[in-house]
Amino acid sequence: MTIKTIFDKFSLRETTASQDGLPMPTASLPKNRRVLIASSHGLFAQGLRSLLRDRQAKGVEVVGVVSNLEQAMGALEKLNPDLIIVDYDDEALNRDEFLARFVEGEKKLRVVLLSLQSGKEALVYDRRTLAASQIDDWLEEWNDAKNRRGIMNNRPRAVKPNRNLIHLGIASILVVISTFVVYFLLRSIRLLPAAASQQAASIDNLFMGEIAVISFLFSLIVVLMLYSIFVFRRKKGDTSDAAHIEGNPKLEIAWTILPLMTVFVFALWGGKSLREVTQAEPQSLIVDVIGQQWAWRFEYPIEGGDKVVSDKLYLPVDRPILLRLSSMDVIHSFWVPEFRVKQDALPGGENFVRPLRVTPTEIGSYKLRCAELCGRQHTTMESDVLVVSQTDFDAWLSEQSGESPDPVVRGEKVAKNFGCVACHSVDGTKIVGPTWKGLFGSQVELEGGVGSVVADEAYLRESIVNTNAKVVKGFPAGVMPQTFGTQLTEKQINDVIAYIKSLK
Amino acid sequence: MEQTKKASFFSIGLVKGIAGFVIGYVLGIGLTSAIRLAMGLPVSDPAAYGLTQPTWTTGAIFAFLGFMVAQGVMSDWFKSAKGEDIPEHPQDAFPSGWARYLSASYDHKAIGIQYGVTSLIVLFLAGFFALLFRTQLALNQDILGLRNYNTIMTLHGIVMIGGILLGVAAISNYLVPLMLGANDMAFPRLNAFAFWLNVPGVLILLSSLLLGGLETGWTGYPPLSTRAPLGTDMFLLGVYFIGLSSILGSLNIIVSIVRLRSKGMTYFRMPILVWAAFATALIGLTATQLIGLSFQMVLFERIFGMSFFEGQAGGNPILFQHLFWFYSHPAVYVFVLVGLGTISEILPVFARKPLFGYRWVALSSFGIALVGFLVWAHHMFTSGMAPYLRVPFMYTTLLVAIPTGVKFFSWIATIWGGKLSFETPMLFALGAISIFLLGGLSGPPNATVSTDLHLQDTYWIVGHFHATMFGGYIFPFFAALYFWFPKYSGRMYNEKLGKLHFFLMLPAFYVQSLAQMQIGLLGMRRRIGLWDPSLGIDMQQWAITIAGFVIGISVLIAVVNLAYSAARGPVAVANPWGSRSPEFQIASPIPLHNYDTPFEVVGEPYDYGLEGSAYVSIDKERYHPAAPASPEGASATPSAAAAD
């Protein structure tokens with residue numbers, strides 16, 4: 001490729017400042033012009049150098065003079081010039097090769113070709129733009145102010161900085177207004193069903209926080225876009241371009257960092273909320289939930305390894321529930337919209353039982369809806385969920401379990417299931433612990449010479465829950481497990497006491 | 001006369017292919033039945049439409065092979081295998097006319113148009129499916145029957161996805177070589193082969209309609225999909241072949257971008273759409289295998305009784321979901337990245353301003369692609385995978401916001417202070433931004449695990465991903481169809497009808513998407529054929545359905561506009577939009593072999609407003625012979641020096 005070809009291709013020869021009328025926008029010029037002179041003719045270089053040095057006060061610095069191609073390429077790297085002034089007539093420079101290599105680079109810089117022989121004064125060759133204009137255009141920066149203003153008038157009209165600020169100011173106000181409008185609009189419509197579980201509170205809280213951020217970001221982008229659409233319209237007949245603004249690394253970094261910080265906030269908030277939602281509670285009521293095409297079954301384990309089976313999900317209010325989900329065939333998903341939480345029920349046996357924790361807070365009737373496509377009747381796979389008071393729940397469960405309404409009978413069962421009678425006889429024989437026969441109301445002598453107490457209800461309860469508080473004389477301390485307070489429900493403890501009372 | 005006409009009809013590639021498809025089907029069924037007979041296995045099963053499940057499946061595979069062999073797209077490979085000479089550049093079966101597009105063509109532009117038209121047909125079909133089941137949902141009466149409802153709902157999903165993949169391939173195939181300054185893709189035969197894979201793929205996929213339906217949803221989770229009727233096999237096979245096309249197409253794009261960039265086009269001087277296609281192809285090349293693998297495993301489980309996903313037999317149903325989403329999440333970015341690239345491509349032209357932060361926008365595509373590989377399990381927060389996995393996947397998912405945010409901010413900064421004009425492509429680009437924003441902003445509540453426990457598998461999700469698909473693909477796709485219309489048709493579309501299309505589709509989509517999100521929050525589950533009236537969402541259901549019909553009508557208007565204008569529209573000039581992109585520097589329609597001589601990149605692609613600058617050097621006289629030019633002068637122009 002020859003210089004001529006470059007000139008031919010981009011018709012640089014014909015291009016003059018007067019023809020296209022427009023100089024380089026000053027925005028793309030660096031403030032301190034570093035100039036490299038390339039010529040093997042000492043006179044040329046020195047003359048030019050002293051000429052430019054006169055203007056040094058105005059921001060031009062001659063960083064070097066090179067006299068051949070290798071030096072020039074090296075200086076490009078080392079001296080980092082903004083402008084290279086090349087002696088066009090200098091054969092020693094091998095300018096064909098120089099220009100070919102120059103084109104390959106990416107750094108913004110320009111070359112001015114000065115020819116003392118050609119009639120043309122000079123040609124500016126810009127690696128960024130490949131535009132040509134006369135050297136005067138590039139040097140117009142230090143032309144007198146009057147002249148400059150004349151040129152400025154021809155420049156594509158950029159949004160002037162101060163006017164840009166006004167635009168941004170108005171748009172910002174609109175963004176703020178829009179954010180509030182969108183947020184209150186979203187808050188005012190029916191967005192979520194009633195919240196009926198402890199988990200729902202935490203989830204709704206996070207969701208509404210997200211709605212607020214969504215309102216802002218939606219407003220930010222849409223308002224700025226609409227503002228641009230209405231304000232920065234092209235005027236009829238205007239065929240010129242807008243300002244040449246390529247980007248702004250500071251802005252880019254800002255709008256990378258700020259969203260990143262928002263992301264951190266929501267990551268932490270999301271983690272906290274997840275912990276609240278999945279928090280394990282002791283004393284949870286366990287219900288096995290079994291899905292199958294296309295119905296739900298609920299099994300309540302009760303004493304004696306037995307279970308109550310129901311097709312409706314009864315839950316006591318304000319009691320942590322542990323649902324153990326599984327499936328007989330394909331994947332189903334447990335979802336009660338009012339509880340907010342959801343979990344798939346997997347087939348595959350014991351290894352695939354999955355927990356879901358929920359604490360209902362509102363008495364009422366809800367619908368359990370299968371949320372994972374499970375075949376043809378997926379649509380109809382719904383079940384009633386009834387959240388009732390603890391009393392109603394107990395009544396329902398005992399009714400279902402067919403267990404006795406008599407607490408004594410129930411207490412006997414608990415005593416068997418939890419192994420009480422393995423240590424405490426009911427017929428007066430001494431096993432590991434004191435017998436229960438005739439215990440209630442009797443005077444019990446305690447170990448360690450601390451006297452005796454009457455075996456009333458309070459004593460019995462304390463002995464079940466806090467086993468080492470009062471140790472009966474003749475029996476070692478620390479034998480009875482101390483975990484019955486958590487293993488047994490309040491109702492079961494009462495039943496056991498009732499049973500002991502009955503053993504006269 | 002009659003005879004020649006007939007002969008030419010049967011020489012059309014599509015006709016040959018379909019004949020091969022039928023013959024292959026019969027052959028496959030016959031062969032399998034014969035083998036089964038010889039082995040003493042039953043050849044007929046009343047549950048499998050008179051044959052057996054393996055017989056049908058083998059038949060479909062043979063049908064697929066029959067199509068590809070008979071179609072003619074592989075003939076050069078056969079010749080080469082036989083040791084015959086093949087031309088350096090493959091010859092199209094027909095030089096011009098309809099037959100060219102219906103037969104094997106190796107010109108990337110013809111293949112781009114083949115992809116585009118197939119995509120429109122397929123999208124139209126999928127949209128039609130949507131309107132069918134939307135009608136049922138509006139009425140809340142079981143007019144289709146739940147079996148058909150489930151099948152149509154599933155097909156809507158998977159056919160739409162197929163259509164989107166085809167559309168993405170259309171944009172990449174048509175534009176990437178043009179923007180690179182190449183005359184074709186790196187592997188023209190592979191390119192044609194990859195396109196034609198889709199045709200038998202879609203045929204097999206749709207045959208599931210006739211073979212017992214497809215009630216698994218497009219996700220095809222086992223064990224539901226291992227128990228589902230015969231149609232599921234066709235679904236698994238069809239997707240498998242379409243996926244193969246995606247892998248080969250991606251390979252071709254990557255090689256083309258790496259090898260065929262014209263002189264001076266460094267990576268950071270490529271048009272932004274090429275960056276997007278690059279990132280897309282990298283995902284397509286590396287992730288698609290996983291969906292092929294997972295579907296193949298389900299197929300093996302169905303036919304050979306293997307138990308990859310059967311918990312009782314030592315398998316794990318969640319394993320499938322991991323494999324499936326490892327592709328299907330990045331696939332979302334396959335769908336949208338090219339669309340987002342199109343937006344970035346169009347905005348500077350109509351704003352007359354450089355693309356703000358070119359490098360950031362270019363790299364954000366790679367950022368999205370990279371992060372996209374690390375987020376798949378956010379589809380599985382309720383699946384029952386190990387609970388501790390939910391937290392890291394929440395973090396990675398939230399990170400998607402960063403590169404996506406860079407794109408939004410850069411777009412806004414591009415139009416800020418510009419000189420905007422609002423031709424149809426610009427309207428669609430701006431509309432796309434607002435809708436993709438809606439899709440993007442409805443994402444974080446799905447990313448934070450606890451809120452997702454409520455949102456998962458509801459209409460909120462449906463609204464969310466329809467917004468990302470419309471904003472990231474549908475709107476940009478139409479923007480591209482209008483923007484490059486003069487380049488591929490040589491004519492101009494009707495601006496009024498284009499605007500009508502836009503102003504019908506945009507508000508209708510907002511209504512549809514917002515209503516979907518709302519009813520999802522209120523308790524509307526995904527994929528149900530009838531809903532509980534006690535939810536109180538009648539009005540929203542009607543709104544969604546009516547909006548769906550409005551979108552359908554608007555697309556019809558677009559098709560009429562594009563089809564009519566392609567035949568009768570006013571003849572287009574080379575560069576109606578004043579774009580700097582190289583494809584606009586040559587005649588409309590693009591000449592057969594693109595650039596007579598390769599161009600040279602001499603500047604930045606989007607330096608609008610930088611006086612006297614140019615992106616590429618193209619010898620205008622060569623491409624616009626009407627302009628007064630001496631032929632000698634033209635030939636003396638030594639831009640050929642760049643030919644090496």
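- Here the CG atom belonging to B:Asp457 is positioned 6.5 Å from the CG atom belonging to A:Asp344, to the nearest 0.5 angstrom.
- Using a 4.5 Å cut-off between heavy atoms, B:Pro387 does not touch chain A at all.
- No side-chain heavy atom of A:Thr379 sits less than 4.5 Å from a side-chain heavy atom of B:Trp531.
- Inter-residue side-chain proximity for B:Thr458 and A:Arg369 is flagged as unmet; no heavy-atom pair is nearer than 4.5 Å.
- Considering CD1 of A:Ile189 and CD of B:Gln518, their distance stands at 4.5 Å, rounded to 0.5 Å.
- A:Arg354 and B:Gly384 make their closest contact through NE-O, 2.5 Å (heavy atoms, listed as atom of the first residue, atom of the second, distance).
- Residue B:Ala228 does not touch chain A at all, counting heavy-atom pairs closer than 4.5 Å.
- Taking the six-membered ring where the residue is Trp, the centroids of B:Trp416 and A:Tyr227 are separated by under 6.0 Å.
- In this structure, CH2 on A:Trp255 lies 9.5 Å from CD1 on B:Ile412, to the nearest 0.5 angstrom.
- For B:Val400, no part lies under 4.5 angstrom from a heavy atom of chain A.
- Interface residue A:Leu260: backbone and side-chain heavy atoms are both found under 4.5 Å from chain B.
- The shortest side-chain heavy-atom distance between B:Pro317 and A:Phe352 falls under the 4.5 Å cut-off.
- Judged as a side chain to side chain contact (heavy atoms under 4.5 Å, CB included), and not counting sequence neighbours, the contacts of B:Pro348 are B:Leu355, B:Thr414, B:Tyr606, B:Tyr608.
- For chain B, the option among A:Pro347, A:Gly271, A:Ser202, A:Pro193 with the highest count of heavy-atom pairs below 4.5 Å is A:Pro193.
- With respect to chain B, the highest number of heavy-atom pairs below 4.5 Å among A:Asp238, A:Val277, A:Leu356, A:Val222 belongs to A:Asp238.
- Using a 4.5 Å cut-off between heavy atoms, B:Thr216 touches chain A through its backbone atoms (N, CA, C, O) alone.
- Heavy atoms closer than 4.5 Å to chain A are found in both the backbone and the side chain of B:Gln456.
- Separation of atoms OG1 (A:Thr239) and CZ (B:Arg352) is listed at 9.0 Å; rounding is to 0.5 Å.
- In terms of heavy-atom pairs under 4.5 Å with chain A, the best-connected choice from B:Ser442, B:Gly217, B:Gly529 is B:Gly529.
- Per-residue heavy-atom pair counts under 4.5 Å with chain B were compared for A:Ile221, A:Ile257, A:Leu217, A:Leu224, and the maximum is reached by A:Ile221.
- In this structure, the separation between CD1 on B:Ile433 and CE on A:Met225 is 5.5 Å, given to the nearest 0.5 Å.
- A:Arg234 is not listed as a side-chain neighbour of B:Leu420, based on a closest heavy-atom distance of 4.5 Å or more.
- In this structure, the side chains of A:Pro259 and B:Val406 stay at 4.5 Å or more apart for every pair of heavy atoms.
- Taking all atoms of both residues into account, the shortest heavy-atom contact from A:Ser240 to B:Lys419 is OG-NZ, 2.7 Å.
- The existence of a salt bridge linking B:Arg525 and A:Glu382 is confirmed by a sub-4.0 Å separation between a basic side-chain nitrogen and an acidic carboxylate oxygen.
- In summary, A:Asp329 and B:Arg227 do not engage in a salt bridge, as defined by a charged side-chain N under 4.0 Å from a carboxylate O.
- Within the 4.5 Å cutoff, the side chain of A:Phe334 has no heavy atoms near those of the B:Thr382 side chain.
- Here the side chains of A:Lys367 and B:Asp532 are in contact, with some heavy-atom distance below 4.5 Å.
- Looking at B:Arg527, the atoms closer than 4.5 Å to chain A (heavy atoms on both sides) sit in the backbone and in the side chain alike.
- Taking CG of A:Leu373 as the reference point, atom CD1 of B:Ile528 lies at 11.0 Å (rounded to 0.5 Å).
- Using a 4.5 Å cut-off on side-chain heavy atoms (C-beta onward), A:His378 and B:Leu224 make no contact.
- Residue contact with chain A, scored on non-hydrogen atoms closer than 4.5 Å, involves the side chain of B:Phe422 exclusively.
- The ring pair (Phe, Tyr, Trp, His ring centres under 6.0 Å) test applied to B:His454 returns A:Trp335, not counting sequence neighbours.
- B:Asp607 and A:His244 get closest at one heavy-atom pair: OD1-NE2, 2.6 Å.
- Heavy atoms only, all atoms of each residue included: B:Gly418 and A:Ala242 are closest at CA-CB, 3.7 Å.
- The two atoms that bring A:Leu191 and B:Leu521 nearest to each other are O-CB, 2.9 Å, heavy atoms only.
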Steps toward side-chain hydrogen bond (donor to acceptor under 3.5 Å, both in side chains) verdict (B:Ser450, A:Glu276): CA-CA 9 Å; B:Ser450 65; A:Glu276 286 163 8; over 6 Å; no
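- Of the listed residues (A:Leu220, A:Thr256, A:Asn351), the greatest number of heavy-atom pairs within a distance under 4.5 Å of chain B belongs to A:Thr256.
- Among all heavy-atom pairs drawn from A:Leu192 and B:Leu522, the shortest one is C-CD2, 3.8 Å.
- Here the side chain of A:Arg190 pairs a donor or acceptor atom with the backbone of B:Gly536 at under 3.5 angstrom.
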